[in-house]
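Both backbone and side-chain heavy atoms feed into the values below; hydrogens, waters and symmetry mates do not. No experiment lies behind these values; they were computed from the predicted model shown. Numbered from 1 within each chain, the chains take letters A, B, ... in sequence-line order.
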Protein chains: 2
Amino acid sequence: MKRALPRVFTRNSGKSDGVLMNVEDRRVKRTQRLLAKALITLTLEKGYDVVTIRDITERADVGYATFFRHYHDKDELLEDVLDVVLAEMLELLLPANGADPAAMGTLIFRYVGEHSEVCRVLTGSMPLTRKLITLGTQSVRGDTLPQAASIVPPEIVAHHIVASSVALIQWWLEHDMPYPPERMGAIYAALIVQPTGATALSG
Amino acid sequence: MKRALPRVFTRNSGKSDGVLMNVEDRRVKRTQRLLAKALITLTLEKGYDVVTIRDITERADVGYATFFRHYHDKDELLEDVLDVVLAEMLELLLPANGADPAAMGTLIFRYVGEHSEVCRVLTGSMPLTRKLITLGTQSVRGDTLPQAASIVPPEIVAHHIVASSVALIQWWLEHDMPYPPERMGAIYAALIVQPTGATALSG
DNA sequence: TTCGATATGATATACAATATATCATAAGAT
DNA sequence: ATCTTATGATATATTGTATATCATATCGAA
């Protein structure tokens, strides 16, 4: 017997059936890190869709063909970046769960501000923004809202909260973060959480 | 004397300095209409970014090179579509200005429902969605909100109203329009207009 | 530390799509 | 009616994607 699969071929969330690569190998992690960083930098320099894979590999100082050993295309690489960001935000927000909305909002905007370049790129991609909103909506529906008998279906309420939050983040980034995270947290609470909560109950 | 510029070279909003084409010529209008229709159809069939210009020209039954006589690239063609949609919605909403929010919302969702294919494509493009939200925000800021002394800056309030509305439309389209326009108009009023108005005043 | 496994670099190449140029023809404008 | 111009057809330069191959370097495990 040949010892059952000692290696770890985990492609992110197991969705992509395509390129397999041992993510425990230092070389692999190094290459993927370099590629991700290059994509972010180049996207901020000249826009996501005009960045070529040759651009990325040259900036990352990595062989051109190496890219395709890890990802099928640019979008798959960018999705990897989103997964990392989502995991980080989740572990940031989980401990603070149940705190008051303004404090939660402050945490969110503090994180976004500290990773503004990556977030700018991610929120510039429609597929990733959709994915983000979908995941967030599911989470919000699970967490709160054991409500009923409103004009507005709970599914829409959850979607509205998440989509509005993402939009607020986008506004903040596009305007070069003119207010500090604490102020944005307060705005988040006053503009999104509080009114929507009231609507879900009474409306 | 040679008669000063009898022709009309209007490239949409005069922004693109690139391809000039007499938009009063029937042939031009016909070609552009065919190209736009082909792009919409193909995008719904297999996704915007994998649609090639050759696809478009073949579906439109138009010479390949002809495309570049009208647009630099796919995105410019799609922007043309957005301009038409925006103009139509504007003339739909202007007469009803000042009516109650639910009625306005019903008008909006009725229009979206009747043009769901085009709207699906447009709201799937991040640059166009941004443009739409920016224009809408300016309009809302001009219309209403002579307010002051709130935690939430009026600029953010306006942005929130528009972005939330677009998000609600996106939700509706993505879920295959499960409620009629009248219901969506009521939801729009209860979820977005009424709470945000209250926040802008009191919050 | 050694050894087998494997990720990488460098290179060549097939292929697809963009973008432009040219010229004859057909369609529209006046 | 005729002058203008948009189109079709075609060729071509250019760019970017995607895959294959082989020697080398790096890694993990014993």
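- Among the atoms of the strands shown, only primed sugar atoms or phosphate atoms (P, OP1, OP2) are found under 4.0 Å from some heavy atom of B:D61.
- Atom CG in A:L35 sits about 14 Å away from atom C1' in C:dG9, given to the nearest Å.
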Using a cut-off of under 3.5 Å, enumerate the N/O to N/O pairs linking the protein to nucleotides 25-27 of chain D.
unit_1 : atom_1 : unit_2 : atom_2 : d
D:dT26 : O2     : A:R27  : NH1    : 2.7

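- Regarding contacts with the backbone of C:dG9, a side-chain N or O of A:T66 is found under 4.0 angstrom from either OP1 or OP2.
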*asked:* Across nucleotides 13-19 of chain C, 5' to 3', mark each nucleotide with B, S or - according to how protein heavy atoms within less than 4.0 Å reach it.
replied: ----SBB

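- Distance alone, capped at 3.5 Å, is enough to place a donor-acceptor pair between the A:D73 side chain and the A:E76 backbone.
- Atom-to-atom distance recorded for B:T52:OG1 and B:E58:CD is 7.5 Å, nearest 0.5 angstrom.
- Atoms CE (B:M21) and C1' (D:dT4) sit 13 Å apart, rounded to a whole Å.
- Nucleotide C:dT8 holds its P atom 10 Å from the CG atom of A:L34, rounded to whole Å.
- Using the six-membered ring where Trp is involved, B:Y179 and B:W171 have ring planes that are parallel, under 30° apart on the 30 and 60° scheme.
- Listed by chain and number, the residues in a ring pair (Phe, Tyr, Trp, His ring centres under 6.0 Å) with A:F109 are A:W172 (sequence neighbours excluded).
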*Evaluate the criterion salt bridge (charged side-chain N to carboxylate O under 4.0 Å, His left out) for residue pair A:K46 and A:D55; output intermediate values, then yes/no.*
CA-CA 11 Å; A:K46 54 181 206 173; A:D55 286 338; 2.7 Å; yes

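- The ring pair (Phe, Tyr, Trp, His ring centres under 6.0 Å) search around B:Y64 returns B:F68, not counting sequence neighbours.
- With A:S116 contributing its side chain and A:V112 its backbone, the two residues share no donor-acceptor pair below 3.5 Å.
- In this structure, B:Y48 has no ring pair (Phe, Tyr, Trp, His ring centres under 6.0 Å) partners at least two apart in sequence or on a different chain.
- Under 3.5 Å, the side chains of A:T123 and A:T129 contain no donor-acceptor pair of N or O atoms.
- Atom-to-atom distance recorded for B:T57:OG1 and B:L39:CG is 11.5 Å, nearest 0.5 angstrom.
- Rounded to whole Å, atom P of D:dA18 lies 11 Å from atom CD1 of A:I56.
- Per the geometry, CG belonging to A:D75 stands 10 Å off P belonging to D:dA18, to the nearest Å.
- Taking atom CD of A:E58 as the reference point, atom P of D:dT15 lies 13 Å away to the nearest angstrom.
- A donor-acceptor distance shorter than 3.5 angstrom exists from the side chain of B:H115 to the backbone of B:Y111, with no hydrogens or angles considered.
- The distance between atom CZ of B:R69 and atom P of C:dA26, rounded to the nearest whole Å, is 15 Å.
- Not a single donor-acceptor contact under 3.5 angstrom links the side-chain atoms of B:R30 to the base of C:dG28.
- For the helix from C:dT1-D:dA30 to C:dT30-D:dA1, the angle separating the two terminal helix axes comes to 60°, with each axis derived from five pairs and the value rounded to 10°.
- OP1 or OP2 of C:dT8 has at least one side-chain nitrogen or oxygen of A:T31 nearer than 4.0 Å.
- Ion pairing of B:R120 with B:E174 is absent here, as no side-chain N (NZ or NE/NH1/NH2) approaches a carboxylate O to less than 4.0 Å.
- Rounded to whole angstrom, the span from the CZ atom of A:F67 across to the P atom of D:dT19 amounts to 12 Å.
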